[in-house]
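Note that these values count all heavy atoms, side chains included, but never hydrogens, waters or copies made by symmetry. Throughout, protein chains are lettered first and strands after them, A, B, ... in sequence-line order, and every chain is numbered starting at 1.
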There are 4 protein chains.
Amino acid sequence: MSVIRPMRADAVRNRRKILDAANAQITARGPEVGMDEIAQAAGVAVGTLYRHFPTKTDLVAAVVAEYVLVVADDAQESLARARAGSSRAADEVIGFLTRVAESSADHHAVKAAAQGLGVEGHGDKSDESRASAALAELITIGQADGDIRAEVTVDDIYLLMATAPTDQPAPVRQRWLDLILPGITTPSGWGRVGREAAAEPVGRAARKSPAW
Amino acid sequence: MSVIRPMRADAVRNRRKILDAANAQITARGPEVGMDEIAQAAGVAVGTLYRHFPTKTDLVAAVVAEYVLVVADDAQESLARARAGSSRAADEVIGFLTRVAESSADHHAVKAAAQGLGVEGHGDKSDESRASAALAELITIGQADGDIRAEVTVDDIYLLMATAPTDQPAPVRQRWLDLILPGITTPSGWGRVGREAAAEPVGRAARKSPAW
Amino acid sequence: MSVIRPMRADAVRNRRKILDAANAQITARGPEVGMDEIAQAAGVAVGTLYRHFPTKTDLVAAVVAEYVLVVADDAQESLARARAGSSRAADEVIGFLTRVAESSADHHAVKAAAQGLGVEGHGDKSDESRASAALAELITIGQADGDIRAEVTVDDIYLLMATAPTDQPAPVRQRWLDLILPGITTPSGWGRVGREAAAEPVGRAARKSPAW
Amino acid sequence: MSVIRPMRADAVRNRRKILDAANAQITARGPEVGMDEIAQAAGVAVGTLYRHFPTKTDLVAAVVAEYVLVVADDAQESLARARAGSSRAADEVIGFLTRVAESSADHHAVKAAAQGLGVEGHGDKSDESRASAALAELITIGQADGDIRAEVTVDDIYLLMATAPTDQPAPVRQRWLDLILPGITTPSGWGRVGREAAAEPVGRAARKSPAW
DNA sequence: GATGAATGAGTGTTCATTCAT
DNA sequence: TATGAATGAACACTCATTCAT
C-alpha cells in the first residue's frame, strides 16, 4: 500500500473542474454561493465535491491557494526581469502591486469568502515562500538602486496587497496606487520610477460617498 | 398635541441596548450573527428588536450610522483645533486617520456586515456632510500650509479609511499609517509633520502571513 | 355595583370603530390581516382592541354576528311584504337567497375567517331566531301557495346560504341561483315564481377552470 | 443514456409518504399546518420535504392534483358505464356528484388551502381535460335521453362540486344533493332518474345552526 | 381606560454536511 | 468512487397576545 497513492486521472480532472467552478462561482456571485451550485457548475454531484474538499472552508482555501500560486509566479517573473536588467526593481515592485490590485478585482469575492470563513492555512506553503523570496530580493535590489525606502519589507507589500480596494472601480484602484507608492519609494526616487502615474484625484462621481 | 411623539423611556433604553448589543455581537462574531442572538445579548425578545429595526439591514445601517456620527464629530473637532491654531492641519488629518484606524478596529466587522447586506443610506446624511465639510477644510488649510499634497481630496481620505487594516493588531495598523502618509503629505512637509513616525517595519511575528 | 354596567360613551364609539374597521379590513384583505392593522384602521391601539375583543376569534365572531343581524332584518322585511300580499312568499324566499348570495360577496372573506378560526357562537342568538322564525313563516306561506316544495325547511335555506359561491363573480353567482331554485320551488310553481331567471349557462370564459 | 433519470426507489417512497402525510395533516388540522409538522408526520426531515416540493404552494398543488386525477378517473368510468348502456347518463352524473360530495370530505381542507395559497396550475392539465371531456359527453347523452336540462354544462358540474358542503355530516350532504338535482335534471326526467332521493329534510340536530 | 412596546412561539425556507444507493 | 437524496440546525421575520406606562 503506497503512501503517496497517486490520484486517479478522473479524480484529478474532477478536482480541476471543481476548483475552476468554485473560483468562477464565488467570483461571480459572492462567497455565499451554495456548495450545490458549485457542484452543479462543476458538473459533479455534491458528494464528489465533498470527497475532494471536506468542508466549504477547505474549498475556499484551495481557491485562495491557487491565487497565491499565480502571485508567486508573477513575483518570480518580476524578479527575473529586474535581474536581467531589463527594468528597474522599483518599477517591478510597483508593477507587481498594480497587477495584484487589478487582478484581485476578480478575486475580491474569494478574499471575502476566505475572511468570512476564517480560512487559515494557504494550502501550499512553498508558493508563499517563492513569492516572499522573490519580493524580498526585488526590494533589496530596489533599495540598492536608491529607489525603495530602506525600511520597506516584504510584509509591507503583503499589507498593501491585503488592503487594496479590490472591490472598487478601476479609477479608484488607480488612485489608491498613487496614494500608496510614495510610502514605498524614496522621495528622491519619486519621479524617477513609477509609470508617470497621474496624480489627479478620483472624481467625486466615481466614489459618490464613503464606504464606511 | 405634538406630532412627534417622544419615545417612551423604556423604548429608548431598549433601543440603546439593542444598538450596543448589535455592535458588540457583530464585532465579536462577524456579520452573520443571528438576530435572535443579538436580541438575547441585548436582553430583549426578537420581536422588540424587529419593532425598532424592521430588517437586519436596518439594524446594521443604524450601527454604521452611529459610527459615522462619531467620525463626523472627530473631524469637526480636528478642524476646530486647526482653526484655533493649536495644531497644524496636516497633523490633524494624520491624527484623524490614526484614530479612525484605531477605533475602527471595533467596527470592522460592522463595515463588512454593511457591505455584505448592501446597506445604502447611512442614516443621517447630515453627519456625512459634516465630516466631509470638516475634512475638506482641513485639507485646504494643510495645502495652504504646504504640508498636504495639492491633489489630495476628501475622497482620498475616505478611500484610505475604507482600506485601513482595522482588523490587524496595533503595530500593523501603525505601519500602515507610515506607508500611507507620504501619499498625502508633501515631500517637503515630510519630517515637518507627522509624529516622527517610527519607520521600523512590522515584525514577521506580528503579521504571520499574508491575508490574501 | 350594578350588574348591567352601561358602557361608557367613548367605549361604545370605539367598539363601533373597531367593528367597522375589522369588517372593512377582513373584507378587503382577507382573514389574515393582523390585529395591529385592524387596530390602526380603527384609529385605536391594539390594547384597546383587545379590551373589547379578547381574541381575534371573538372579533371575527362579532363581525359575523353583525352580518346575521342584517340577514335577520332582511328576512323579517321579506316576510312583512309577503304578509302584506305585495308579493308571493316564494318570490321573497328567492329574493332573500339572491340578496344573500350578492351581499355575501362582500362578506366572503369574513366567512372564510370565521371558518378558519372555528368561530362557534354567533353573538346574539336572538338575531338568529328572528331570521329563522321569519324564514319559517315565509316557507309555510309559499308551501300553502303551492310554490315551495313541501319538504323544504329553514335549514335548507341555511344550507344553501352556507354553500353559496360568494367568492365567485356575479354571473357565476347568478347561475348558481338558477341551479338551486328548482330544488326549492315546486315543478308546477316553476315559471310562476322566480324572476324569469334566464337559464343560460355561465360562459366558459367566466369560470375558466374548476376551483377544486 | 436516458435523459429522464428514473427516481430513486427511496425518493419515490418518500414522495408518497409526504403526499399522504400532507393530505392527512391538512385535512385534519387545516391549511395552516406547518411544513415541519407535515414533514414529521411523513417521517422525513423538512429538507426532504423541500427537495420534493420547493414551496408549500407546490406541495398543496400536488395534493390537489392527485385529487383531480381521482376525479378524472371517476368521470371516465362513469362515462364508460353510460356508454355501455349499463346505466342512464343522468344517473351517472348524479352518482358522480354524490361521490364527489362524499370523497371531498377528505379534501375540503385541501381545497381551502389551495385557495388560500392561490394555487394556480393543478399539476397535470390533462387530468382536468379528461374529467371535462368525460363529463361533457355524459351531459350530452343525458340531454339526448331527455333527462338532463338542455342548458346544463360541464361548468355547472364544477360549480356544484366547488360548493358542495364537503365539511358537513353525511345527512346534510345528502340533503344538499336533493336540493341540487332538480336544477340539473328535467322536470319530466325527475322521478325517472335519481335514486328516489328521499325528500326528508335534514333534522335540526344534524345542522345545529347556520354556518354563516 | 387607552396606549403601544414587549413578548416569544411559530413560519416558510436555506444550506453545509452525511450517507444509502 | 460518484451520485444525489436526506438531514436538521439555522435564519430572518411575523403576529396574536400581554403588560408596563
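Under 4.0 angstrom from either OP1 or OP2 of F:dG4 there lies no side-chain N or O belonging to D:Arg51. Side-chain nitrogen and oxygen atoms of B:Thr48 include at least one within less than 4.0 Å of the OP1 or OP2 phosphate oxygen of E:dT7. Between E:dA6 and B:His52, a contact under 4.0 Å exists linking OP1 or OP2 to a side-chain N or O.
Counting to the nearest Å, the C1' atom of E:dT18 and the CG atom of A:Asp58 are 16 Å from each other. Whole-Å rounding puts the B:Gln25 CD to F:dA12 C1' distance at 16 Å. To the nearest angstrom, C1' of E:dA5 lies 15 Å from CD of C:Gln40. Distance B:Ile26 CD1 to F:dA12 C1': 14 Å, rounded to the nearest Å. When rounded to the nearest whole Å, the span between CZ of B:Phe53 and P of E:dA5 equals 13 Å. Per the geometry, CD belonging to A:Glu37 stands 16 Å off C1' belonging to F:dG4, to the nearest Å. E:dA2 atom P lies 11 Å from atom CG of C:Leu49, rounded to whole Å. Here the C1' atom of nucleotide E:dT13 and the CG atom of D:Leu59 are 14 Å apart, to the nearest Å.
Between A:Thr55 and A:Tyr50, the closest heavy-atom pair is CA-CE2, 4.3 Å. Across every non-hydrogen atom of B:Ala62 and B:Leu19, the tightest pair is CB-CD1, 3.8 Å. In this structure, C:Leu49 and C:Ile18 approach most closely via the heavy-atom pair CA-CD1, 3.8 Å. Between A:Val33 and A:Gln25, the shortest heavy-atom distance links the atoms CG1-O, 3.9 Å.
Checked for salt-bridge contact, B:Glu66 and B:Arg16 meet the test: a charged N lies under 4.0 Å from a carboxylate O.
Between the side chain of B:Thr27 and the main chain of B:Asn23, a donor-acceptor pair closer than 3.5 Å is present.
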Can you give the dot-bracket line for DNA chain E, where a pair is Watson-Crick or G-U wobble with both atom distances under 3.5 Å, crossing pairs use [ ], and | marks a partner on another strand? .||||||||||||||||||||
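Across the interface with DNA chain F, nearest-nucleotide mapping of B:Met35 and C:Tyr50 shows B:Met35 to be the residue nearer the 5′ end. In terms of position along DNA chain E, the nucleotide closest to B:Val44 lies nearer the 5' end than the nucleotide closest to the other residue of the pair B:Val44 and D:Pro54. Along DNA chain E, the nucleotide nearest C:Gly47 and the nucleotide nearest A:Val46 are compared for position; the residue whose nucleotide lies closer to the 5' end is C:Gly47. Nearest-nucleotide mapping onto DNA chain F: of A:Ala45 and D:Asp36, the residue sitting toward the 5' end is A:Ala45.
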CA sep, side-chain torsions, deciding dist, call: B:Met35, B:Leu59, side-chain contact (heavy atoms from CB on, under 4.5 Å): CA-CA 9 Å; B:Met35 292 295 264; B:Leu59 175 57; 4.1 Å; yes
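Nucleic acid contact for C:Gly34: sugar-phosphate only, since backbone atoms but no base atoms lie under 4.0 Å from a heavy atom of the residue.
Separating the CD1 atom in B:Ile26 from the CD atom in B:Glu32 is a distance of 10.0 Å, to the nearest 0.5 Å.
Using a 4.0 Å cutoff on non-hydrogen atoms, the parts of residues 9-16 of chain B near DNA chain E are B:Asp10, B:Ala11, B:Asn14, ordered by number.
Among residues two or more places apart in sequence or in another chain, the side chain to side chain donor-acceptor pair (under 3.5 Å) test is passed with C:Asp36 by none.
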